Amino acid sequence: MEQLVIYNTLPRKKEVFKPLVEGNVGLYVCGPTVYSDSHLGHARPNITFDLLFRFLLHKGFKVRYVRNITDVGHLEDEVEGTGEDRITKKARLEKLEPMEVVQKYMNTFHRNMNALNVLPPSIEPRASGHILEQMQMVEEILKNGFAYEAGGSVYFDVEKYNKKYNYGKLSGRNLDDIRTNTRQLDGQDEKKNPFDFALWKKASPEHIMRWPSKWSDGFPGWHLECSAMSTKYLGETFDIHGGGMDLTFPHHECEVAQSTAALGHETVRYWMHNNMITIDGQKMARSLGNFITLDELFSGNHELLEKAYSPMTIRFFILQAHYRSTLDFSNEALQASEKGLDRLMNAIETLDNLQVSEESTIDIFSIKEKCFAALNDDLNSPVAIAHLYDGVKMINSIKAGTEKISADDLEKLKSFYNTMVFDILGLKKEKADAGANDSVLNGAIELLLKLRTEAKVNKNWAMADKIRDELNSIGIEIKDTKEGFEWSLK
RNA sequence: GGUUCCUUGGCCGAGUGGCUAGGCAACGGUCUGCAAAACCGUGUACGGCGGUUCGAAUCCGCCAGGGACCUCCA
């Protein structure tokens with residue numbers, strides 16, 4: 001099979017992916033901060049890297065996929081100097097224990113991801129469970145001279161680090177630009193420079209989430225957890241680190257700096273960033289308040305939604321755009337995905353009822369080859385899907401009798417669609433199989449349709465149409481075929 | 001303001017020097033008692049203005065519009 005090429009944010013170009021240890025891949029992806037419901041934007045990185053995970057598995061790699069849960073509160077409103085973090089604040093608003101908030105939204109996140117058919121990662125570490133590792137890393141950075149203690153907090157010394165290494169290399173900045181553009185915040189006089197960031201933060205008296213340390217009762221800085229946990233589970237050097245583009249700076253830049261400062265070398269070989277989902281051309285974000293939660297999408301319960309959209313519609317919608325492009329939300333676009341997915345799935349079902357011939361008049365091999373070539377080219381799922389539709393046309397043509405397929409090719413084609421659509425793209429059937437789980441219903445409908453066939457034989461069109469229309473209105477779709485009829489639950 | 005990215009037919013979205021993805025919608029046809037589904041056919045799109053080139057949506061320059069990051073963010 002061809003080699004996988006991925007776009008690496010660090011050199012800003014596509015590179016052939018070669019794992020550090022042959023046959024094995026270490027993958028780390030920034031997971032959610034669990035303080036509110038997951039929204040459409042969160043679906044993107046999870047589906048993107050789920051595709052990567054599945055594709056790597058398909059290629060035969062042994063993958064350790066680590067995706068963290070951020071459940072340690074971090075400073076939210078430094079301007080006001082309250083020092084209150086998101087999780088603590090939410091806990092007060094909802095009168096819950098902080099860990100209760102964490103559990104609640106983590107459960108929702110898992111439920112939503114499961115609905116989207118996102119495979120669970122190999123390890124899902126929580127920041128709160130790795131305070132020790134984070135403190136050890138602070139210790140290392142202090143020892144190496146790239147951090148300083150001030151008033152019970154520990155800050156990363158960006159200027160000093162930049163003299164030896166290059167702060168800004170990932171996000172394409174240099175320290176002079178950052179210096180002139182960093183907002184001057186209040187209550188930061190402890191820092192030598194405004195762009196220094198906290199490794200350990202002393203907790204204010206009202207701050208609930210806190211851990212004892214040699215510096216103070218406090219909590220780790222936000223960027224630290226990913227450095228500490230990726231190193232712990234994937235080693236001092238690992239293959240791929242993923243996350244949303246909005247995390248490139250400062251989060252990932254700080255991660256690079258911390259890891260380098262602690263270990264003396266960089267840890268990540270390939271950085272991958274997915275683009276944002278937009279709404280009216282603007283990024284969908286919790287902070288902007290323009291988000292639609294996944295539960296709202298699944299239920300249709302939101303003023304911007306014309307209807308409910310199934311999890312697979314959402315997944316397909318996301319896969320129909322390249323992960324490095326922005327993707328604009330709209331009802332029209334979602335409905336187009338819904339119908340398109342339906343057509344794809346119908347064609348796959350048709351594969352089970354095709355007549356085989358001696359010879360094939362179609363070329364199934366080229367579709368397969370093109371699909372894999374597309375995915376190998378930086379996970380170009382939209383192009384792979386486009387080729388799948390060429391196959392849909394073939395399948396329907398075979399059914400219509402204008403093309404032929406041999407038994408051998410049919411088996412290959414089925415196997416390919418199963419692998420590509422279900423295993424790699426991670427789509428699944430959502431429609432109930434026709435009455436399969438209810439033989440009574442099954443029999444009743446068959447009976448009605450036989451009566452309808454009789455009515456048709458007698459040219460009693462009114463009766464035939466009545467049966468069809470009324471079954472239709474209760475959610476059963478009737479299609480007449482040459483052989484008689486087909487029906488399915490809508 | 002700094003850095004950076006984008007602008008493709010009615011909508012969503014690939015592509016990125018010549019071979020004019022794909023989906024949805026629309027129109028015409030085939031099939032059908034009608035319908036649905038399916039199939040066949042139809043649309044010559046690349047923000048504007050210059051330049052490079054035999055040839056540009058694709059490269060370069062300028063202009064216009066929009067976004068992202070610079071603060072928490074997927």
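Below, chain A is the first sequence line, B the second, and so on; all start at residue 1. Being a predicted model, the structure only gives us computed values, none of them experimental.
The A/Cys30 side chain lies nearest to B/A74 when the options are B/A37, B/G15, B/A74. Among the nucleotides B/G22, B/C24, B/A14, the one closest to any side-chain atom of A/Pro382 is B/A14. Residue A/Gln282 has its side chain nearest to B/G67 when only B/A36, B/G67, B/G15 are considered. For A/Phe317, the side-chain atoms get nearest to B/C12 when compared with the rest of B/C24, B/C12, B/A74.
For the 3.5 Å distance criterion, the side chains of A/Gln258 and A/Ser227 qualify, holding a donor opposite an acceptor. Between the side chains of A/Gln335 and A/Tyr309, a donor-acceptor pair is found at a separation under 3.5 Å. Side-chain contact, A/Thr9 with A/His273: a donor N or O sits under 3.5 Å from an acceptor N or O. For the residue pair A/Ser381 and A/Gln320, no side-chain donor N or O sits within less than 3.5 Å of a side-chain acceptor on the partner. A donor-acceptor pair shorter than 3.5 Å can be found between the side chains of A/Glu446 and A/Trp487.
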Nucleotides 39-48 of chain B: protein proximity per nucleotide (B base, S sugar-phosphate only, - neither; heavy atom, under 4.0 Å): SS--------

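Rounded to an integer number of Å, the gap from CG of A/Asp246 to P of B/G67 is 16 Å. One can place CG of A/Asn274 at 15 Å from C1' of B/C5, the figure rounded to the nearest angstrom. Put simply, CZ on A/Arg179 is 16 Å from P on B/U3, counting in whole angstrom units. For the pair A/Arg44 CZ and B/C12 C1', the computed distance is 12 Å after rounding to whole Å. Taking atom NZ on A/Lys479 and atom C1' on B/A36, their separation rounds to 8 Å, with Å as the unit. Distance A/Met276 CE to B/U4 C1': 14 Å, rounded to the nearest Å. Remark: P of B/G13 and CD1 of A/Ile318 are 12 Å apart, rounded to the nearest angstrom. Protein atom CG of A/Asn290 is 12 Å distant from nucleotide atom P of B/G67, rounded to whole Å.
Pair assignment for B/C34: none, as no Watson-Crick or G-U wobble contacts are both less than 3.5 Å. When both distances must be under 3.5 Å, the Watson-Crick or G-U wobble mate of B/G17 does not exist. In this structure, B/C69 and B/G2 make a Watson-Crick or G-U wobble pair, each of the two defining distances being under 3.5 angstrom. For B/A57, there is no paired nucleotide, since no Watson-Crick or G-U wobble pair has both relevant distances below 3.5 Å.
Between B/C69 and A/Lys283, a contact under 4.0 Å exists linking OP1 or OP2 to a side-chain N or O. Residue A/Asn275 places none of its side-chain N or O atoms closer than 4.0 Å to OP1 or OP2 of B/A74.
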Taking N or O atoms only and anything under 3.5 Å, show me the protein contacts with nucleotides 28-33 of chain B, one pair per line.
unit_1: B/G33; atom_1: N1; unit_2: A/Asp465; atom_2: OD1; d: 2.9
unit_1: B/G33; atom_1: N2; unit_2: A/Asp465; atom_2: OD2; d: 2.8

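Panel note: side chain A/Asn460, backbone A/Met463; a donor-acceptor pair is recorded below 3.5 Å. With hydrogens and angles disregarded, a donor-acceptor distance shorter than 3.5 Å links the side chain of A/Arg315 to the backbone of A/Gly426. In terms of modelled atom types and a separation under 3.5 Å, the side chain of A/Asp378 and the main chain of A/Tyr7 share a donor-acceptor contact.
Between A/Tyr167 and A/Phe249, the ring planes lie perpendicular to each other; the angle is over 60°, past the 30° to 60° tilted range. The aromatic rings of A/His252 and A/Trp271 sit tilted, their planes meeting at an angle between 30° and 60°.
Across residues 319-333 of chain A, A/Gln320, A/Ala321, A/His322, A/Ser325, A/Thr326, A/Leu327, A/Asp328, A/Glu332, A/Ala333 each have a non-hydrogen atom less than 4.0 Å from an atom of RNA chain B (numbered order).
Under the 4.5 Å side-chain criterion, counting only non-hydrogen atoms from C-beta, A/Phe298 is in contact with A/Ile314.
Taking atom C1' in both B/U58 and B/C46, the straight-line distance is 10 Å, to the nearest Å. Rounded to whole Å, the separation between the P atoms of B/C11 and B/G48 comes to 15 Å. If you take atom C1' in B/A64 and the same atom in B/G29, they sit 44 Å apart, rounded to whole Å.
The residue A/Gly281 sits close only to the backbone: its heavy atoms come under 4.0 Å of sugar-phosphate atoms, none of a base. Using a 4.0 Å heavy-atom distance criterion, A/Arg286 is classed as a sugar-phosphate-only contact. Here A/Asn174 lies out of heavy-atom contact (under 4.0 Å) with every strand.
The nearest pair of heavy atoms linking A/Asn274 to A/Pro45 is OD1-CB, 3.3 Å. The minimum heavy-atom distance linking A/Val118 with A/Asn46 is given by the pair CG1-O, 4.0 Å.
For A/Ile385 and A/Ser287, each mapped to the nucleotide of RNA chain B holding its nearest heavy atom, the one lying further toward the 5' end belongs to A/Ile385.
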